[in-house]
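Data first, discussion second: the structure below is written as structure tokens.
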Amino acid sequence: MKPDDVRIGVYVCHCGLNIAAVVDCAQVAEASAKLPDVVVSKDYRYMCSDPGQEMIKQDIEKHDLNRVVVAACSPRMHEPTFRKCVESGGINPFLFEMANIREMDSWCHSKVPEEATEKAKDLVAMAVAKARYLRPLDTMKVPVTPSSLVIGGGVAGIHAALDLADMGYKVYLVERSTTIGGKMAQLDKTFPTLDCSICILGPKMVEVDQHPNIELVTNAEVVKVDGYIGNFHVTVRKNPRYVDEELCNGCGECANVCPIEVPNTYEEALGPRKAIYVQFPQAIPMRFTIDKDACIECYKCVDACYEQGRNAIDLSMTPEEMEFDVGTITVATGYDMYDPSQVKEYGYGVYDNVVTALEIERMVNAAGPTFSHVVRPSDREEPKTVAFVTCVGSRDERAQIYCSGFCCMYTLKNAVLLKDHFPDMDIYIIFMDMRTNFKGYEEFYRRARKMGIKFIRGHPDEIFEDPETGNLILSLEDLSAGRPLDLEVEMVVLSQAVVPSKGTKELSQILTVSTDSSGFFLESHPKLKPVDAATDGIYFAGSAQGPKDIPYSVAQASAAASRSARVISHDEWEIEPIIAYVDPDKCRNTTVKCGVCATKCPYGAITVVEGQAAVVTPAKCHGCGTCVADCPSNAISQQHFTDAQIISQIHAALEKDPENKILGFLCNWCSYAGADLAGISRHQFPPNLRPIRVMCSGRVKREFVYEAFLKGAGMVMVSGCHFADCHYITGNYNAEKRIKPLFRILERAGINPKRFRLEWFSAAEGEYYARITREMVDFMGELGEDQIRLENEKAGPFLERMLNRGA
Ligand code: FAD
């Protein structure tokens, strides 16, 4: 039911020229003024500015407004700003609605201003239609657990944990490896200052170990996370070390007697380690671990440990689970190195003297396997000529299209270190572009040039080995000289790409956060929320989010810690009241055994007792709306996303020229964000799609689709997150189950099933959204308006019957 006395103010933002250069804002405001219940409609340069907000507040008083619609950017951007604004003007913040005429209109339809203006009018009409049915709501307050989880103990995780712990919060630092330190612990020196890596990292690692507020859990992985901002419940699986961490003192007698040697992965397999080992002398915690795959169970280590009076070794250990509660989570799981053997033409793994950058890092290290001697693996001789090849697997359509960020700098660093150690060595850097764009980096590049390191712009087509000498011939085009070149060197070092760390996808699913098209974790907003996940209370630090060098990782770690502290410094946190509620009079469980809602809820938020109406526990409900869509008696609704609010938008969107429109239901977290990204990235596509935002595709009822076709829609699309990426765990699975049969049902009713689309795309897939919109518009064009109208008319009685059945 629409409340009586609705008085709506509409405000159309120019956003400088971001909107106004394409959309005729005055015309949109004029058209909006004619919409039912709109009492004032204005356009203004910047609605989010102080004067813009002041205008809204004054109008609320002057025109006695009880609803406000702002047509501007995405609600994902400024909805909180305007909610606060209307609240301070005296209106409940949930009596506010936003029309997205920037990301979803002016930015992606900039070549067709007239059509973009028409679309803007529709988007405002849809927002006004919803606003008429809005109800005042109270935000819910939930208690906050004042502790935090940091996943990954590289330099980023270490800094995030220390910052939070220093602020007085309890921190759980969960590290998959047997020691913290990450890649930085493997490096020799660090650019651009060339300070010793472990010398600056080591003290921080010790600080973590000794900090009273940090509980360090190594050799462990997060396997489950339940809950929401302020209240996450975390389950961690701690893998067995076969050495009791409480009893081991790191003396190393066990390793001294161990008869088994295997390649040492910390040393990039350039040296051996024992089956019982610590990764490196500064490991934290300094506790030994048995590599069960290598161990022959000779028990020599057990005896040695016993002789030391410790008895720390226990070969019967099994994985343990531990559980704890935290208010926030920082993900700092870093990166892995791309396997360069995949670039077949460079011969890594085939020719001995083709090595990687990390192998060189270990070789030049005084404590490394060759004690700072750089030697050719084939003959252990010091090479006189070395070529570094950059962008191996980066900026390459066949591998990673992105730039791995820090490879130019680490290539320069290793070349400088080699030149420093071996002044007579001839060193070449083969590069595509030299990217040295942070403080002190360009100076470092000049230093490398001054030292006599030779730079050749180009990219080897192939690397061959001379089998006699073990030398390598790089066949390339010297782009600066404009001539082909065969360069013979004694050793080649590949600066390979970095890729998301193993398990990133699985962790993203556990946390219900998104990854980008390269597989790294995806931030909520690239500029304004660069360390936040779209899921509230989860933050990113370091290379987990994309390649970052050490200063950038550390800065981001501090940013993530401060974002975390912003939450856990409060006793309570406000969460949106967009929850489900049951109308007890309609609930069929009072008369027949039902409980469908409880089976659909992924959070166990619904209790069903036989003979009684179902009950939603508000603090447990996350607001996906799946129970609402699947309730067989229409007894459940979702606050702020009621059927009436959604249907009113369908009607408004399709009021004019429906045969040329696509009605799209977009889930907030992936599809809507992906559609926003299409605009942010300025992809251009036809302006036919009218989006309706729902929190989850699980909220979309079949009736919404029937209603849209009954109103004459050209096409309808239901879209959500990719499977296993759903913000609400199983919302999209339930949506698929409910929605997929529609293809058949619609076809039987006479509607071409290609006029209905069920799409799954992520927040990173703006390009995909643009492409499918183009496809749909092309298909509508092929079919033609007359055919669409004919089909809709034919299906009309059936659609009406289906809708009446649901009523
Ligand atoms: P990482 O160092 O990768 O640490 C991530 C940590 O998370 C690891 O300990 C990992 O075990 C853990 N982890 C992963 N997944 C999980 C999981 N699911 N659960 C729990 N734990 C997990 N940068 C510079 O600024 N200067 C340099 O000189 C420099 N030289 C470099 C040389 C080379 C050859 C390379 C490859 C990189 C170099 N870098 C340099 C970049 C530097 O390595 C990174 O900036 C830095 O390591 C990023 O730190 P991080 O904590 O984000 O990730």
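Read the numbers this way: they start at 1 and go in the same order the structure lists the ligands and their atoms. Quantities reported herein were computed from a predicted structural model and do not represent experimental measurements.
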Point to revise | atom 32 (C) of ligand 1 [closest protein heavy-atom partner, distance rounded to 0.1 Å] | key: E361 OE2, 3.2 Å
Check your understanding: Aromatic rings Y603 and Y728: how do their planes relate, parallel, tilted or perpendicular, breaks at 30° and 60°?
Key -> perpendicular
Study note, to complete from the structure: Here the atoms of ligand 1 under 4.0 Å from any heavy atom belonging to A357 are 34 (C)
Point to revise | Atoms in ligand 1 flagged as close to S553, the criterion being non-hydrogen separation under 4.0 Å | key: 45 (O), 48 (C)
Side chains of residues 146-168: which donor-acceptor partners sit under 3.5 Å, not counting sequence neighbours?
| unit_1 | atom_1 | unit_2 | atom_2 | d |
| --- | --- | --- | --- | --- |
| S147 | OG | D325 | O | 3.0 |
| S148 | OG | T328 | O | 3.3 |
| S148 | OG | T328 | OG1 | 2.7 |
| H159 | ND1 | V155 | O | 3.1 |
| D163 | OD2 | S558 | OG | 2.7 |
| D166 | OD1 | H211 | NE2 | 2.8 |

Point to revise | Within the 6.0 Å centroid threshold, strictly below: F406 and F438 | key: no
Point to revise | Ligand-side contact atoms (ligand 1) for residue partner D549, heavy atom cut-off under 4.0 Å | key: 23 (N), 24 (C), 25 (O), 45 (O)
Check your understanding: So between I151, V155, T356, whose heavy atom ends up nearest atom 49 (O) of ligand 1?
Key -> V155
Review point. After noting the C-alpha distance and the side-chain angles of V236 and E221, does the key distance pass the side-chain contact (heavy atoms from CB on, under 4.5 Å) rule?
Key: CA-CA 6 Å; V236 169; E221 278 181 85; over 6 Å; no
Exercise for review: Output the list of atoms in ligand 1 that are nearer than 4.0 Å to some heavy atom of V174, sorted by atom number.
Suggested key: 20 (C), 21 (N)
Check your understanding: Can you find an N/O atom of K502 closer than 3.5 Å to an N/O atom of ligand 1?
Key -> no
Check your understanding: Any idea which protein heavy atom is nearest atom 9 (O) of ligand 1, and the distance to it?
Key -> E175 OE1, 2.7 Å
Exercise for review: Classify the side-chain pair S501/D336 by whether it contains a donor and acceptor separated by less than 3.5 Å.
Suggested key: no
Practice item. Taking only heavy atoms of G542 into account, list the atoms of ligand 1 that are under 4.0 Å away from them. Key: 52 (O)
Revision key, fill the gap. Taken to the nearest 0.5 Å, the spacing of C408 SG from F444 CZ works out to 12.5 Å
Review point. Is it the case that R176 and T218 place a side-chain donor and acceptor less than 3.5 Å from each other?
Key: no
Review point. Are Q279 and T179 close enough that a side-chain donor and a side-chain acceptor fall under 3.5 Å?
Key: no
**Study point:** ring pair (Phe, Tyr, Trp, His ring centres under 6.0 Å) between F191 and Y441, intermediate numbers included
**Key:** CA-CA 8 Å; F191 59 74; Y441 291 9; 5.4 Å; yes
Practice item. Give the single entry among F406, Y410, Y552, Y441 that approaches atom 41 (C) of ligand 1 most closely by any heavy atom. Key: F406
Point to revise | N/O separation below 3.5 Å, R176 to ligand 1 | key: yes
**Study point:** atom 52 (O) of ligand 1: the protein heavy-atom neighbour that sits closest, reported with distance to 0.1 Å
**Key:** S543 N, 2.8 Å
**Study point:** Whether G503 lies under 4.0 Å from ligand 1, heavy atom
**Key:** no
Point to revise | Option whose closest heavy atom lies nearest to atom 2 (O) of ligand 1, chosen from K548, K183, R362, M337 | key: K183
Practice item. Please report which non-hydrogen protein atom sits nearest to atom 16 (C) of ligand 1, along with the residue it belongs to and the distance in Å to one decimal place. Key: T333 CG2, 3.4 Å
Review point. Is it the side chain, the backbone, both or neither of I180 that has a heavy atom closer than 4.0 Å to ligand 1?
Key: neither
Check your understanding: Can you tell which of E490, E465, R376 makes a side chain to side chain donor-acceptor pair (under 3.5 Å) with N471?
Key -> R376
Point to revise | K413 neighbourhood, listing ligand 1 atoms whose heavy-atom distance to it stays under 4.0 Å | key: 27 (C), 28 (O), 29 (C), 30 (N), 31 (C), 32 (C)
**Study point:** Contact list for residues 346-361, test side chain to side chain donor-acceptor pair (under 3.5 Å), sequence neighbours left out
**Key:** Y346-H459, Y348-E359, N353-S378, T356-E359, E361-K413, E361-N414
Exercise for review: Quick one: look at K189 and ligand 1, take heavy-atom pairs under 4.0 Å, and tell me if it's side chain, backbone, both or neither.
Suggested key: backbone
Review point. Q186 and E267: side-chain donor and acceptor closer than 3.5 Å?
Key: no
Review point. Please state which protein non-hydrogen atom is closest to atom 43 (O) of ligand 1 and give its distance, to 0.1 Å?
Key: Y335 OH, 2.7 Å
Exercise for review: Provide, to 0.1 Å, the distance between atom 39 (N) of ligand 1 and the closest protein heavy atom, together with that atom's residue and name.
Suggested key: L187 CD1, 3.9 Å
Revision key, fill the gap. The atoms of ligand 1 lying under 4.0 Å from a heavy atom of P551, numbered in the order shown, are 25 (O)
Review point. Where's the contact between C407 and ligand 1, heavy-atom distance under 4.0 Å: side chain, backbone, both or neither?
Key: neither
**Study point:** Heavy atom of the protein closest to atom 4 (O) of ligand 1 (residue, atom name, distance)
**Key:** G154 CA, 3.3 Å
**Study point:** Where ligand 1 meets G182 - atom numbers and elements under 4.0 angstrom, heavy-atom basis
**Key:** 2 (O), 4 (O), 8 (C), 9 (O)
Review point. Do E443 and K450 sit within salt-bridge range, that is, some charged N less than 4.0 Å from a carboxylate O?
Key: no
Point to revise | Donor + acceptor pair across side chains of E382, H373 (<3.5 Å) | key: no
Study note, to complete from the structure: re atom 29 (C) of ligand 1, the protein heavy-atom contact at minimum distance is F191 CE2, 3.2 Å
Point to revise | Side-chain H-bond candidate by donor/acceptor type, N219 with R237, under 3.5 Å | key: no
Exercise for review: Using distance alone, determine whether T179 and ligand 1 share an N or O pair under 3.5 Å.
Suggested key: no
Review point. Do ligand 1 and A156 have nitrogen or oxygen atoms that lie under 3.5 Å from each other?
Key: yes
Check your understanding: In terms of side-chain heavy atoms, does S495 have a donor or acceptor partner in T411 at a distance below 3.5 Å?
Key -> yes
